[in-house]
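Here's the structure we're looking at; comments come further down.
Throughout, a chain's letter reflects where its sequence line sits, starting with A, and its residues are numbered from 1.
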4 protein chains.
Amino acid sequence: MADSGTTTGRRSGKRERLVAAAARVLHEQGVEKTTIADIARTADVPVGNVYYYFKTKDQLVEAAIEEQGRTLHTLLAALDRLPEPQGRLKALVRGWVDQRDLAARYGCPTGSMASELDKRADGLDRVVADVMRRLLDWTEHQFQAMGRADARELAVALISAYQGVSLLTNTFRDPDLMAAEGERLERWIDSLVRPPS
Amino acid sequence: MADSGTTTGRRSGKRERLVAAAARVLHEQGVEKTTIADIARTADVPVGNVYYYFKTKDQLVEAAIEEQGRTLHTLLAALDRLPEPQGRLKALVRGWVDQRDLAARYGCPTGSMASELDKRADGLDRVVADVMRRLLDWTEHQFQAMGRADARELAVALISAYQGVSLLTNTFRDPDLMAAEGERLERWIDSLVRPPS
Amino acid sequence: MADSGTTTGRRSGKRERLVAAAARVLHEQGVEKTTIADIARTADVPVGNVYYYFKTKDQLVEAAIEEQGRTLHTLLAALDRLPEPQGRLKALVRGWVDQRDLAARYGCPTGSMASELDKRADGLDRVVADVMRRLLDWTEHQFQAMGRADARELAVALISAYQGVSLLTNTFRDPDLMAAEGERLERWIDSLVRPPS
Amino acid sequence: MADSGTTTGRRSGKRERLVAAAARVLHEQGVEKTTIADIARTADVPVGNVYYYFKTKDQLVEAAIEEQGRTLHTLLAALDRLPEPQGRLKALVRGWVDQRDLAARYGCPTGSMASELDKRADGLDRVVADVMRRLLDWTEHQFQAMGRADARELAVALISAYQGVSLLTNTFRDPDLMAAEGERLERWIDSLVRPPS
DNA sequence: TATGAATGAGTGTTCATTCAT
DNA sequence: CATGAATGAACACTCATTCAT
């Protein structure tokens, strides 16, 4: 039932295909460089038909961002099943490292979209900010659960570290940067556990 | 000094104005969203005249990136005059914090260009990578001077932290994020000084 | 017949109109002097729409040349129905003479395109060469059928004579040049018939 | 006295260099494809300076055509020193054959200019027509001297043959076409000599 | 005279968006 | 709902011509 046809009743899957294609192509090529035709072709949907599902390109971009948000939600929900907060954070980091080859080629999906859309004041920047905020909030919760009073600051530090090293990994096309930083971050997380005095 | 007319002899300063305008507008609007006309208008130069100085838009973008490289070079040269490596690094961080309002509005100039250009394979991505590498190398040198064997890794960590928090600062339009992370980074740098055993 | 929608299925005829307009306007104005807008206007098609049918101006030019090739093919097929080779050749010459007013204004369509495109190395020169070669080959066949061992040389001579007098007719805006040369060529063709020894 | 500085008194040779460069480049690239900058570069003259000698591009083109006319005049004057008219005509043909490699690459200078400029009604077409007419007239004179009453018609036939085979030679990039047709024309000229009855 | 620089009207091409069926 | 086609407003880039010195 969950997210069935938000708009459409028919189950042809075109809308879903468009969103998935958009998410992928926008990540790979960037928002400005990607044309509606690019996305339509990838989704195997006729160009004219796109506008039945999305009134403008921006709405399709928005849907793609929200798709990222959903993916993130699923990931975090899975992590939540782990027993310890530091374990969850380290699993998050390990997930990033696992994706290092993709990051080397295209950067972090959310981060590169944020970077591009932050220059615009059309509301799309707020949508991507929401996704980022959800990640930040979840991370803060983990640090809180670890008993840290500076949880927000630590969350910003961790997410920043990831976003930054994604950028460097992409800039230098070197997945190893992400791997090394991942290890460092895991050690750092361990160091933050309050010692049972 | 002395690098006045890099290419053009006449001293009308149009080339310089174009590069400066490009650097600013490209940072503010992004590469794809910025038209040659935008830059020309900002530099108060007729559109057709831009092509007297730069054969293509890409060449103008390249010049703007190299201008960033020159700015960076000047900054690092100034920092080099400080006595201690950790002092230099902390001064670097303080410089970032001083620019936090700009970062909140447009992100880090180099970082956002890197993010956008990394998706392209036209050589512009290598130009921005060079600038980033110069910053990374300098940072590594400082950590080496501090006697750290893991200097490269630390350099990646520091620059990543900056790039990442620039992105968050921009995404959430919150300069305080940069300020807080700056303080944290300064403390972190202090903690890395080898204790005089 | 049968060559209706070569590429496009819909029967609006725009593609055909564009090719016809291109063939005409390119002949009248030359390739370089003709803008896409000129052709679009002549075909009564909005400029932007041209690019739905042809990716580049060169592709439209190519289509126009191939249209000439098709016209030539039709002409030669009609001539082939004549019983004697020398009759076919003389009918060909008479066709040229019939078109002398057009030649006086714009020259031979194929010849003037060849002249202009031969200076370029973009492949368009080969397309027009193909059309010319087809005419040359057909002419050679007729001379062969007349029992001439020097058929190729004679074919070159005949086509050259036509192309050359087209140029002079155009240069001096004098259709009579074509008429006179046509008569001379007919006599020449007659003189080549092997006398029944 | 001949062609000293028609306009300029100073003997810097820039005007001459411009005309020579124009004649060459216009032949190689065509009129429309050639920019003033192309010619200026070839002549090693600053772009802005061109307009001191020629008010418009068309005037420079005109000068280049007249330069062709002068070259033709020199050639015909040389041929006039030969004793027999048929010898002069055959020498003319041999000159064409000698230039066959150039023709294969760029066609006949006068012919290709005529072809391109005939589409325009700006007077340039008349200038090139004058050059062509001078060649035609001279040829007619030779046939008259040979006692032919149909001298004009024969002149048109000979010049047409040359212009036409130049075009084919260029189209098929085959200098041999010109060589073979040259031999044929020489034989033809010989056949026209009135037998001393 | 000489010359680098300036200017602006095109030109080919792209693309989001709309329309007719 | 679906779809090929239509539309027009950009945009990067070119070039003849002019200008200031």
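When only modelled atom types and interatomic distance are considered, T35(A) and K57(A) share no side-chain donor-acceptor pair under 3.5 Å.
When the nearest nucleotides of DNA chain E are assigned to G48(A) and G48(D) by heavy-atom distance, the more 5′-ward of the two goes with G48(D). When each of V47(A) and V50(D) is assigned the nucleotide of DNA chain E bearing its nearest heavy atom, the one mapping closer to the 5' terminus is V50(D). Closest-nucleotide positions on DNA chain F for D58(B) and V45(C) were compared, and the one nearer the 5' end corresponds to V45(C). The residue among I36(B) and P46(C) whose nearest nucleotide of DNA chain F lies closer to the 5′ end is P46(C).
The separation between E32(A) atom CD and dA12(F) atom C1' is 16 Å, rounded to whole Å. If you measure from atom NZ of K55(B) to atom P of dC13(F), you get 12 Å, rounded to the nearest angstrom. Distance CG (D122(A)) to P (dA16(E)): 14 Å, rounded to an integer number of Å. One can place CZ of F54(B) at 16 Å from C1' of dA6(E), the figure rounded to the nearest angstrom. The nearest whole Å value for the distance from the CG atom in L124(C) to the P atom in dG12(E) is 14 Å. Counting to the nearest Å, the C1' atom of dG10(E) and the CG atom of D38(C) are 12 Å from each other. A straight line from CD of Q59(B) to C1' of dC13(F) spans 13 Å, rounded to a whole angstrom. The CG atom of L60(C) sits 13 Å away from the C1' atom of dT13(E) (whole-angstrom rounding).
Within the shown strands, dA2(E) is the pairing partner of dT21(F) under the Watson-Crick or G-U definition, both distances less than 3.5 Å. Nucleotide dT13(E) has dA10(F) as its partner under the Watson-Crick or G-U criteria, with both atom distances under 3.5 Å.
Under the side chain to side chain contact (heavy atoms under 4.5 Å, CB included) rule, L18(A) has a single partner from N49(A), I36(A), V45(A), which is V45(A).
Contact annotation: K14(C) side-chain N/O to dT7(F) OP1/OP2 distance is under 4.0 Å. Put simply, Y53(B) has a side-chain N or O that comes within less than 4.0 Å of OP1 or OP2 on dA6(E). Checking the phosphate oxygens (OP1, OP2) of dT17(F), a side-chain nitrogen or oxygen of Y51(D) falls inside 4.0 Å.
Between dA16(E), dA16(F), dG12(E), one nucleotide has an atom nearer to the side chain of T35(A) than all others, and that is dA16(E). Residue N49(D) has its side chain nearest to dA2(E) when only dT11(E), dC13(F), dA2(E) are considered.
Sparse packing is recorded around CZ of R105(D), with 12 or fewer heavy atoms of other residues, nucleotides or ligands lying under 6.0 Å away.
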* Run the salt bridge (charged side-chain N to carboxylate O under 4.0 Å, His left out) check on R120(A) and D58(A) step by step: do they pass? -> CA-CA 11 Å; R120(A) 301 162 53 167; D58(A) 275 9; 3.2 Å; yes
* **Evaluation steps, salt bridge (charged side-chain N to carboxylate O under 4.0 Å, His left out), between D38(A) and R41(A)** => CA-CA 5 Å; D38(A) 286 337; R41(A) 197 180 326 111; 3.3 Å; yes
